[in-house]
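Step one of this worksheet: look at the structure below.
In each ligand, atom 1 is the first atom listed, and ligand 1 is the first ligand listed. Since the structure is predicted, the reported quantities are computational estimates derived from the model, not experimental observations.
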Amino acid sequence: MSERAEADTVTCVVENRIAWVSFARPGKRNCMGPKLNRQMKRVIEDLEFRDDVGVLVLTGEGTSWSAGMDLKEYFRENEEKGLGAIRGAQREAYSWWERLRWFEKPTIAMINGWCFGGAYGPLFACDLAVAAEDAQFGLSEINWGILPGGGASKVIAELTGFRNAMYHGMMGENVDGKKAAEWGLVNEAVPADQLKARVTEIANVLLGKNPQALRATKWAISRVREMTYDNAQDYLIRTQEAANSFDNEGRKEATRQFIDEKTFKPGLGAYDLKRSGKE
Ligand code: COA
């Protein structure tokens, strides 16, 4: 199969406010080379402030989510060129993962197949993750003689317990979607033929929430993980107060619908965004 042009290494379809973004090098199991990394950053940045996009889903074409970094184009070819090329390629990869981690809208990783090594970067970058039960997750680095770099060791240590992380990193054995859910690498695993339907269902729930509150929530949860309780509490007070000065109408409208109108209960679902113009 001939290699794809840079612009074709990522595909994106927007449907009903969900942006379905795909790693699109199925012949290379969607491994991440410099071209894909550059294109992914462009696609993500383009989607971030589009009014017709409320949720981003990251998935892969073919049998793979992503087989990690491209051993030829990312590693070997840049190592042959020297340190400048190596650092340049690292920045291209890490910068889109970073953009995705702090994306303005909710993001969901939809893991349809292989997920190896460097792919743990974008896996971690997404807010939520749903896998096919038969997807395969692996820190394969140990099998070809390196450590799980590019953030992968950090990801496994963050998402699962110490023993699982050590076993996963040192043994080079894959786990399937079900085990990945048990370990906390993904929220849940479903049969492959139900994967898209389940992700769509989750995305639609998110689309029914106040977008400002969603953004504030995802950033708050990411930030507080490294804070003491007291620092987190203080940070959250400040963040909520700042959010109030930026957008207080949604909250007031929700309070009105609950207390005055009695048309919804916050414990049982979201208020009607359409009536507050927040959709
Ligand atoms: N880097 C570069 N090329 C890769 C790749 C990677 N990470 N993963 C797959 N490819 C290429 C293969 O070289 C092959 O190319 P070719 O058609 O030109 O020969 C093509 O993708 C298909 O791969 P293949 O191994 O034949 O597919 P498979 O379905 O039998 O196996 C994997 C799939 C994912 C198990 C296997 O490709 C693999 O082990 N990939 C490496 C995974 C890895 O260690 N990633 C960590 C990097 S940090």
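Under the 4.0 Å distance rule, the nearest protein heavy atom to atom 29 (O) of ligand 1 falls inside the cut-off. Within 4.0 Å of atom 7 (N) of ligand 1, at least one protein heavy atom is present. For atom 46 (C) of ligand 1, a protein heavy-atom neighbour is present inside the 4.0 Å cut-off. Less than 4.0 angstrom separates atom 39 (O) of ligand 1 from none of the non-hydrogen atoms of the protein. Under the 4.0 angstrom criterion, atom 15 (O) of ligand 1 counts as having a protein heavy-atom contact.
The residue from F75, Y120, F116, W65 that puts a heavy atom closest to atom 34 (C) of ligand 1 is F116. Taking each of K28, K72, R29 in turn, the one with a heavy atom nearest to atom 31 (O) of ligand 1 proves to be R29. Nearest-heavy-atom check against atom 43 (C) of ligand 1 across G172, G149, G62, S140 picks out S140. The heavy atom nearest to atom 41 (C) of ligand 1, considering only A67, A119, G121, is found in A67.
Looking only at heavy atoms of the protein, atom 33 (C) of ligand 1 is closest to W114 NE1, 3.6 Å. When hydrogens are left out, the protein atom nearest atom 1 (N) of ligand 1 is L71 N, 2.8 Å; that is the closest non-hydrogen contact. Of all protein heavy atoms, the one closest to atom 22 (C) of ligand 1 is G27 O, 3.5 Å.
Note on I44: it does not cluster hydrophobically with M110, by side-chain heavy-atom contacts below 4.5 Å among ILVMFWY residues.
Between N16 and L207 the shortest heavy-atom distance is O-CD1, 3.6 Å. For Q257 against D272, the heavy-atom pair with the smallest separation is OE1-N, 2.9 Å.
Other residues, nucleotides and ligands contribute over 12 non-hydrogen atoms within 6.0 Å of the CZ atom of R256.
Separation of the Y167 and W183 ring centroids does not fall under the 6.0 Å cut-off.
The distance criterion of under 3.5 Å between nitrogen or oxygen atoms is not met by C31 with respect to ligand 1. No N or O atom of G118 sits closer than 3.5 Å to an N or O atom of ligand 1.
Both tests hold for R223 against W102: distance to the six-membered ring centre under 6.0 Å, angle to the ring axis within 45°.
Taking the six-membered ring for Trp and thresholds of 30 and 60 degrees, F264 and F258 have ring planes more than 60 degrees apart, a perpendicular arrangement. Below 30°, between 30° and 60°, or above 60°: for F116 and W114 the angle between ring planes is below 30°, a parallel geometry.
By the 4.0 Å heavy-atom criterion, Y74 is excluded from the residues contacting ligand 1.
To the nearest 0.5 Å, atom OH of residue Y235 and atom CH2 of residue W219 are 9.0 Å apart.
E73 is listed as a side-chain neighbour of P34, based on a closest heavy-atom distance under 4.5 Å.
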